[in-house]
Amino acid sequence: MPTIRREMSIAASADDVWAAFRDVGAVHRLAPGFVTDCHIDGECRMVTFANGMVARELIVDVDDAARRLAYAVIGGRLTHHNASFQIVAESPGRCRVIWLADMMPADLKSVVEGMMDQGMLAMHRNLEQRVA
């Protein structure tokens, strides 16, 4: 089972960045241009991406103490998917975002990596603009 790991450093406080991630129904505001819509449907969020794909993501855990959000994509082409974001303070005005995803089938790894790379770029640009 492939594991994909992405990290980025953000020029913003860990608390401010966590507040953006913690608002699980607002991914479209966290990653504008990559995500076009998001709404809550029971224990899941429905995420619409700019490429037209829609993902149903079960929210597994929102851990304020660890600044960690865990979710799983259910349905669709993936037979297994679990992922998490964790926000780690680096200094008072800087933090690191760590995004891990485990997924199957392995032949979709490049597709998921590409989406994660686009998502990281959109989030990085948005979060640093909020501070500027």
Side-chain angles (χ1 to χ4, degrees):
M1 173 180 348
T3 296
I4 304 166
R5 180 183 182 101
R6 295 293 185 263
E7 292 189 32
M8 66 179 162
S9 184
I10 301 288
S13 76
D15 287 339
D16 289 344
V17 171
W18 172 241
F21 277 87
R22 192 198 192 299
D23 190 359
V24 296
V27 181
H28 57 299
R29 290 193 294 267
L30 174 62
F34 175 63
V35 174
T36 59
D37 187 45
C38 179
H39 65 274
I40 300 296
D41 182 18
E43 294 180 334
C44 296
R45 64 182 176 193
M46 301 300 295
V47 181
T48 304
F49 297 92
N51 66 6
M53 188 181 91
V54 178
R56 181 175 191 81
E57 297 179 346
L58 174 66
I59 303 303
V60 175
D61 190 35
V62 178
D63 183 338
D64 288 317
R67 293 189 198 102
R68 182 176 178 272
L69 166 66
Y71 68 98
V73 174
I74 53 177
R77 293 172 43 197
L78 296 172
T79 58
H80 174 83
H81 177 275
N82 62 280
S84 65
F85 287 100
Q86 188 158 14
I87 314 306
V88 179
E90 293 184 323
S91 66
R94 181 164 291 281
C95 67
R96 178 159 299 279
V97 175
I98 303 165
W99 189 2
L100 294 173
D102 297 317
M103 47 79 55
M104 291 189 310
D107 63 344
L108 292 177
K109 181 181 180 191
S110 64
V111 173
V112 175
E113 283 178 319
M115 292 191 71
M116 289 173 68
D117 290 341
Q118 291 174 36
M120 289 295 267
L121 181 63
M123 290 183 287
H124 188 271
R125 185 172 40 242
N126 179 50
L127 291 166
E128 289 209 338
Q129 283 178 355
R130 288 182 183 190
V131 173

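- Summarising the geometry of I4 relative to M103, their closest heavy-atom pair is CD1-CG, 4.3 Å, with the distance given to 0.1 Å.
- Residues M120 and I98 fall into different hydrophobic clusters, defined by Ile, Leu, Val, Met, Phe, Trp and Tyr side chains chained together at heavy-atom separations under 4.5 Å.
- Distance alone, capped at 3.5 Å, is enough to place a donor-acceptor pair between the E128 side chain and the A11 backbone.
- Criterion: ILVMFWY side-chain heavy atoms under 4.5 Å apart, direct or through other members. Under it, M116 and M8 are part of a common hydrophobic cluster.
- Considering only heavy atoms from C-beta on, V62 comes within 4.5 Å of W18 through its side chain.
- Nearest heavy-atom pair across C95 and E90 is O-OE1, 3.6 Å.
- Here the side chain of H81 pairs no donor or acceptor atom with the backbone of G75 at under 3.5 angstrom.
- Two different hydrophobic clusters hold L58 and V35 under the rule that ILVMFWY side chains link at heavy-atom gaps under 4.5 Å.
- Taken from CG in L100 to CZ in R6, the straight-line distance is 10.5 Å, to the nearest 0.5 Å.
- Between P105 and L78, the shortest heavy-atom contact is CD-CA, 4.1 Å.
- Taken from CG in N51 to CE in M115, the straight-line distance is 5.0 Å, to the nearest 0.5 Å.
- A donor-acceptor pair shorter than 3.5 Å cannot be found between the side chains of H39 and D41.
- For S84 against Y71, the heavy-atom pair with the smallest separation is N-CE2, 4.4 Å.
- Pairing each heavy atom of W99 with each of A83, the nearest pair is NE1-CB, 4.1 Å.
- With rounding to the nearest 0.5 Å, the separation of CG in L69 from CD1 in I59 is 5.5 Å.
- Using modelled atom types, one side-chain atom of N126 and one backbone atom of L30 make a donor-acceptor pair closer than 3.5 Å.
- Closest non-hydrogen pair, A50 versus G33, comes out as CB-O, 3.2 Å.
- When hydrophobic clusters are built by joining Ile, Leu, Val, Met, Phe, Trp and Tyr residues whose side-chain heavy atoms come closer than 4.5 Å, directly or via intermediates, V47 is not grouped with V60.
- Ring planes of F21 and F85: tilted class, angle from 30 to 60°.
- Interatomic distance, R45 CZ to C38 SG, rounded to the nearest 0.5 Å: 5.5 Å.
- Residues forming a ring-ring contact (aromatic ring centres under 6.0 Å, His included) with H28 (at least two apart in sequence, or on another chain): none.
- Here I40 contributes atom CD1 and E57 contributes atom CD; the two are 9.5 Å apart, rounded to the nearest 0.5 Å.
- Distance check, rounded to the nearest 0.5 Å: CD of Q129 to NE2 of H124 gives 10.5 Å.
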